[in-house]
Amino acid sequence: MLASGSSRDRTPNTVTSARAELGAFLRSRRERLSPERVGLPGGGRRRTPGLRREEVAMLASIGVTWYTWLEQGRDITPSSQVLDALARALLLDPDESAHLHLLATGSIPGEAGDPAGCGVVTAEHLDLLARWDGIPACIQTAKFDILASNATYRFLIGDIDDGPLEDRSCLVHAFLDPAWIAAYDDWEATTGRMVGRLRAAMPAHLDDPAWTGLVDRMRADSERFNSLWRRHDLTREGVHDQLFHLPSVGDVTVRFTRLWLDTAASVHMTVLTPVGPEDARRLADLTARTADEPRVTVRPALSRRLEDEAA
């Protein structure tokens, strides 16, 4: 029932953090299920919401004490078979099941390579951004940091390069910038998806102070973020349409498409394609207003690296 070790070389601090996350995730999934939903009798009042620990253990055919230790973050490592049994017992969807495996063992069954990725932005990627003049496009990380953007994306709502470097993040702006909050037609649904994506990517970065620091900051600065983070919901969304109320050109609907860079698993190019001709016209108007600006801007560290490589 126990595996001897993880498929990843995780540091002790990372393992401890992952165990705590695993316990919180299991509790959140257990508490959202009613006994009736998993085929058990309801049976009177309950002191806590959802299933009891012994009910989850019974459904997964594992010991109650052992399951309790998992929720408590004890020093145990479940096998893939046990994790699959828990996923079935808790009615986890495929993304949630993968998240469970990643927290418990540091890997997802059948996954090759490092889930965190090590994407490298090249001069060719920047040239592609420039060629999409009139279509907002950027290169960002899994935690929503903007590494590079074309002018149309940069000035879509406001100047995303204006302000401290740590604020050049779609996540930070979406939760803390009033202009961005007003621009999203469905702000609550959008922020829910963003936190779900961040939560899904988090297990691969539990020993990264940039990631943990971002979460700590957002939980302190945004009640909305803190509430969403505590829910442990996961999202790995694909293509979707978004209506923006843009301050400079009015309403524009775009289709979000993410293109992963080469073999990178955590750096991608996001392209916002206009859905209709009026949307395209308004984005072209926005682009015309940025004619005197650089067609592409990048983070200082990335700029220095590319300059060194060119030299």
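Positions are given from 1, in the same order as the sequence printed here.
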So how far is it from [X] [atom1] to [Y] [atom2], rounded to the nearest 0.5 Å?
| X | Y | atom1 | atom2 | result |
| --- | --- | --- | --- | --- |
| Thr191 | Met218 | OG1 | CE | 10.0 Å |
| Leu100 | Arg29 | CG | CZ | 11.0 Å |
| Ser169 | Met194 | OG | CE | 6.5 Å |
| Arg231 | Arg199 | CZ | CZ | 11.5 Å |
| Thr77 | Asp75 | OG1 | CG | 6.5 Å |
| Asp185 | Phe244 | CG | CZ | 10.0 Å |

Using 4.0 Å as the upper bound for N to carboxylate O, is an ion pair formed by [Y] and [X]?
| X | Y | answer |
| --- | --- | --- |
| Arg30 | Glu55 | no |
| Asp285 | Arg289 | yes |
| Asp159 | Arg154 | yes |
| Glu188 | Arg193 | no |
| Glu96 | Arg32 | yes |

Could you check if a side-chain atom of [X] sits within less than 4.5 angstrom of a side-chain atom of [Y], using non-hydrogen atoms only?
| X | Y | answer |
| --- | --- | --- |
| Arg282 | Glu278 | yes |
| Leu198 | Val215 | yes |
| Pro203 | His99 | yes |
| Leu126 | Val298 | yes |
| His245 | Leu243 | yes |
| Leu86 | Leu70 | yes |
| Leu51 | Pro35 | yes |
| Met58 | Leu40 | yes |

Step by step, work out the side-chain contact (heavy atoms from CB on, under 4.5 Å) result for Val172 and Leu214. CA-CA 9 Å; Val172 172; Leu214 173 66; 4.2 Å; yes
Test item: [X] side-chain N/O and [Y] main-chain N/O as donor-acceptor pair under 3.5 Å:
| X | Y | value |
| --- | --- | --- |
| Ser227 | Glu223 | no |
| Arg168 | Ile146 | no |
| His205 | Met202 | no |
| Ser149 | Tyr153 | no |
| Ser303 | Arg299 | no |
| Ser28 | Phe25 | yes |

Is atom CH2 of Trp229 surrounded by more than 12 heavy atoms (other residues, nucleotides or ligands) closer than 6.0 Å?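 More than 12 within 6.0 Å, yes.
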Within the supplied structure, the quantity of interest is the number of heavy atoms (other residues, nucleotides, ligands) at a distance under 6.0 Å from Arg230 CZ; does it exceed 12?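 Counting neighbours around CZ of Arg230, 12 or fewer heavy atoms of other residues, nucleotides or ligands fall under 6.0 Å, so no.
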Name the orientation class of the two ring planes belonging to Phe256 and His240 (parallel below 30°, tilted from 30 to 60°, perpendicular beyond 60°). parallel
For the pair Phe175 and Phe225, name the ring-plane relationship: parallel under 30°, tilted 30 to 60°, perpendicular over 60°. perpendicular
Test side-chain contact (heavy atoms from CB on, under 4.5 Å) on Tyr67 and Glu54 and set out the steps. CA-CA 8 Å; Tyr67 175 77; Glu54 55 266 30; over 6 Å; no
Nearest atoms (heavy-atom pairs only) where [X] meets [Y]:
| X | Y | answer |
| --- | --- | --- |
| Leu272 | Leu283 | O-CD1, 4.4 Å |
| Ala174 | Ile181 | O-CG1, 3.4 Å |
| Thr235 | Gly192 | OG1-O, 4.4 Å |
| Trp66 | Pro78 | CH2-CB, 3.3 Å |
| Asn226 | Arg219 | OD1-NE, 2.7 Å |
| Ser97 | Ala87 | OG-CB, 3.7 Å |

Extract all donor-acceptor atom pairs below 3.5 Å that involve side chains of residues 128-137 and protein atoms in other chains or at least two apart in sequence.
unit_1: Arg131; atom_1: NE; unit_2: Asp127; atom_2: OD2; d: 2.7
unit_1: Arg131; atom_1: NH2; unit_2: Asp127; atom_2: OD2; d: 3.4
unit_1: Asp133; atom_1: OD1; unit_2: Arg295; atom_2: NH2; d: 2.9

Qualifying residue, where the test is side-chain hydrogen bond (donor to acceptor under 3.5 Å, both in side chains) with Arg255 and the options are Thr273, Asp241, Asp279: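 Result: among Thr273, Asp241, Asp279, Asp241 is the only option passing the side-chain hydrogen bond (donor to acceptor under 3.5 Å, both in side chains) with Arg255.
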State, without any angle test, whether His173 and Asp167 hold a side-chain donor-acceptor pair at a distance under 3.5 Å. no
Residue pair Thr190 / Gln242, side-chain donor-acceptor N/O under 3.5 Å: yes
Cluster link Val82 to Val64, ILVMFWY, side chain under 4.5 Å: no
Please tell me whether Leu165 and Leu147 are part of a single hydrophobic cluster in this structure, the criterion being side-chain heavy atoms less than 4.5 Å apart. no
Identify, with sequence neighbours excluded, every residue that meets side chain to side chain donor-acceptor pair (under 3.5 Å) alongside Arg37. none
side-chain contact (heavy atoms from CB on, under 4.5 Å), that's the test. Do Met269 and Cys138 meet it? Break it down for me. CA-CA 6 Å; Met269 187 174 295; Cys138 72; over 6 Å; no
Give me each pair satisfying salt bridge (charged side-chain N to carboxylate O under 4.0 Å, His left out) with a member in residues 243-254, each pair once, sequence neighbours excluded.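 Sorted result for residues 243-254: empty, none.
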Going through the checks in order, is the side-chain contact (heavy atoms from CB on, under 4.5 Å) test met by Val275 and Val254? CA-CA 5 Å; Val275 171; Val254 295; 5.5 Å; no
